[in-house]
Amino acid sequence: MSKTTVQFILLGVILVLAQVIVFNHICLFNVAVPMVFIYLIVRLPITLSVNWLLTISFVLGLIVDIFSDTYGMNTLACTVLAMARKPILRLYVPREEDLPRPEPSMYTLGTASYLKYLLTMILLYCALIFLIEAFTFFNPIRLLLLIVFSTILSMAIMVGIDSFMTPRSEKRL
Amino acid sequence: MSELLKFFVKYSSWFLFVLYLVAGLALLFSRNPYQHHVYLSSANVVASGVYRATNNITSYFSLRDINEDLQRRNSDLELEIYKLQDVIRKYQEKVHADTMTTDPALSRYQFLIAHVINNSINHSHNYITIEKGRLDGIEPEMGVIDQNGIVGIVNIVGDHTARLISVLNPYLRLSCKVKGEAQVGSLVWDGRDPGEAILEELPKHAKFAKGDTVVTSGYSSVFPEGVPVGTIVSGSRDREDNFYTLRIKLFTDFSTLSTVRVIRDSMKDELKEVEKEPEIKNVN
């Protein structure tokens with residue numbers, strides 16, 4: 001196993017633990033729930049085949065589902081998110097062959113493109129997860145509030161994670 | 001043949017996507033908590049191990065609030081004891097007896113103390129994990145309360161852990177009544193506020209006022225009669241409906257659950273036997 005593989009496995013374990021132990025219990029103002037573990041799907045290398053990406057996302061969603069007793073909600077949303085990642089990246093990064101490193105980050109995509117990509121991914125995920133949840137209780141205003149504020153909170157946390165995930169060599173650039 | 005193979009390889013990611021999607025949907029539509037398997041719930045070995053480890057640290061955080069609740073409940077119960085002792089003394093004077101036999105109905109129930117290791121309040125279907133299981137005498141369909149009021153019902157039991165359906169889960173319906181009244185309604189959570197639930201199907205001749213206490217009815221072997229549930233916030237009645245729908249502020253603070261009591265009913269098996277549908281016998 002290469003160094004990157006080990007790094008990503010470690011990142012995945014930390015993110016899942018952080019999600020189920022800390023973030024699952026946060027619900028700011030009853031509308032903002034941070035969805036942080038999808039950071040792994042955001043950061044997986046672009047060069048990774050779609051099949052692997054799908055499998056990793058499916059397993060990731062399933063693990064979070066088991067921990068939080070949400071039966072398939074995260075599994076479904078993660079699978080769809082994994083499938084949508086490539087088209088979303090295409091929106092902001094026209095030529096992914098020229099990237100200096102295969103992982104999407106502020107350094108490889110540029111700050112603006114990366115933030116737009118991150119925001120789109122989180123928004124899609126939050127929309128999916130709360131829409132799936134809304135099958136039982138339909139309350140359009142609360143649904144909208146949940147999606148918007150959870151996206152904002154998750155975005156803030158993930159940008160925070162980014163700031164200490166980035167190696168020093170990249171920061172200097 | 002090779003063309004076919006090429007086709008499959010080319011679109012393999014779509015096949016995989018559909019496969020995972022179907023698996024996810026299958027999980028989603030098996031949401032009914034009574035069909036869940038222990039391995040796919042937070043009561044499994046790995047998940048409960050993680051939650052147990054974190055709970056060792058986090059269980060200290062809200063001790064002050066919990067202590068206050070306990071003190072209040074304790075003083076309430078003490079008052080109750082004095083009141084009852086007074087009543088007993090009056091009866092003793094009336095019948096000139098030295099001793100009074102107490103109601104044997106209360107010894108029907110036993111409490112098992114358990115710690116909550118995982119709990120959610122922000123999902124549409126909330127569950128709680130506790131660190132006592134089959135080997136500690138926990139069985140499915142046991143009621144769970146804490147110092148303030150009702151918490152939930154045991155649903156899945158592992159060897160050392162169990163998962164409860166929280167009151168904050170629309171799959172849980174509890175028969176409840178206004179304290180001191182006889183009419184029974186059904187308590188259910190509407191998914192809005194983790195501090196409030198709905199008491200529906202209360203017959204229209206029921207009497208209640210804002211601020212009245214709602215307690216369990218004791219119509220099942222899950223909870224004894226009179227376990228505190230909450231207070232009435234507001235009540236409404238649909239014009240064509242013959243029932244009241246009341247909004248209840250729950251006594252239990254689900255965000256700081258720590259130690260709960262699982263209720264074991266020693267008459268459960270007997271009750272089940274009696275309540276079994278009788279087989280229709282041919283009289284002729």
Side-chain angles (χ1 to χ4, degrees), chain A residues 13 16-18 20-34 49-59 61-84 86 128-130 132-139 142-143 146 150, chain B residues 9 12-33 35-36 39-44 46-48 50-51 53-55 57-58 118-129 155-156 163-166 169-171 189-195 255:
Chain A
V13 171
V16 167
L17 285 179
V20 300
I21 294 170
V22 185
F23 296 119
N24 263 354
H25 301 276
I26 294 174
C27 187
L28 281 187
F29 312 114
N30 211 9
V31 283
V33 184
S49 78
V50 182
N51 289 359
W52 267 112
L53 181 68
L54 274 169
T55 310
I56 293 170
S57 308
F58 176 79
V59 173
L62 188 65
I63 292 172
V64 174
D65 266 342
I66 289 173
F67 269 94
S68 42
D69 286 307
T70 41
Y71 291 87
M73 277 169 47
N74 290 300
T75 315
L76 265 182
C78 277
T79 310
V80 177
L81 187 73
M83 208 54 188
K86 211 166 191 158
L128 281 169
I129 200 94
F130 294 119
I132 295 171
E133 199 159 31
F135 279 140
T136 19
F137 302 112
F138 191 62
N139 183 348
R142 184 170 150 74
L143 179 67
L146 267 170
S150 298
Chain B
V9 171
S12 62
S13 60
W14 283 102
F15 286 114
L16 208 59
F17 176 61
V18 171
L19 181 74
Y20 289 153
L21 216 56
V22 170
L25 282 170
L27 267 176
L28 189 71
F29 287 108
S30 69
R31 251 187 182 180
N32 185 343
Q35 300 162 356
H36 288 171
Y39 295 116
L40 285 177
S41 81
S42 59
N44 74 30
V46 182
S48 60
V50 170
Y51 285 135
T54 37
N55 186 256
I57 302 158
T58 54
N118 182 45
N119 174 25
S120 73
I121 57 169
N122 52 24
H123 295 301
S124 60
H125 298 74
N126 294 294
Y127 297 95
I128 298 165
T129 322
N155 166 225
I156 295 179
R163 198 197 63 181
L164 328 177
I165 306 178
S166 167
N169 187 323
Y171 281 115
W189 189 55
D190 64 345
R192 276 196 209 156
D193 183 347
S255 57

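Reminder, nothing fancy here: chain letters follow the sequence lines and each chain counts from 1.
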Return the minimal non-hydrogen interatomic distance between [X] and [Y], and the atom names on each side.
| X | Y | result |
| --- | --- | --- |
| A:A82 | A:L53 | O-CD2, 3.4 Å |
| A:V20 | A:N24 | CA-ND2, 3.7 Å |
| A:F130 | A:L143 | O-CD1, 3.2 Å |
| A:V33 | A:S150 | N-OG, 3.0 Å |

Most contacts with chain A, counted as non-hydrogen pairs under 4.5 angstrom, among B:N55, B:V46, B:N119: B:N119
For [X], which atoms come within 4.5 Å of any heavy atom of chain B: side chain, backbone, both, or neither?
| X | value |
| --- | --- |
| A:I26 | backbone |
| A:F67 | both |
| A:S57 | neither |
| A:T55 | both |
| A:L62 | side chain |

Which atoms of [X] come close to chain A, meaning under 4.5 Å heavy atom to heavy atom: side chain ones, backbone ones, both, or neither?
| X | answer |
| --- | --- |
| B:T54 | side chain |
| B:F15 | neither |
| B:N126 | neither |
| B:L25 | both |

Spacing of [X] atom [atom1] and [Y] atom [atom2] [to the nearest 0.5 Å]:
| X | Y | atom1 | atom2 | answer |
| --- | --- | --- | --- | --- |
| A:L128 | A:E133 | CG | CD | 12.5 Å |
| A:S49 | B:L16 | OG | CG | 9.0 Å |
| B:T129 | B:R163 | OG1 | CZ | 8.0 Å |
| B:Y127 | B:N169 | OH | CG | 4.5 Å |

Pick from A:T75, A:L146, A:L76 with the largest number of heavy-atom pairs that fall under 4.5 Å of chain B: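 Heavy-atom pairs under 4.5 Å are most numerous for A:L76.
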Top of A:V50, A:I21, A:L17, A:D65 for chain B proximity - count of heavy-atom pairs under 4.5 angstrom: A:I21
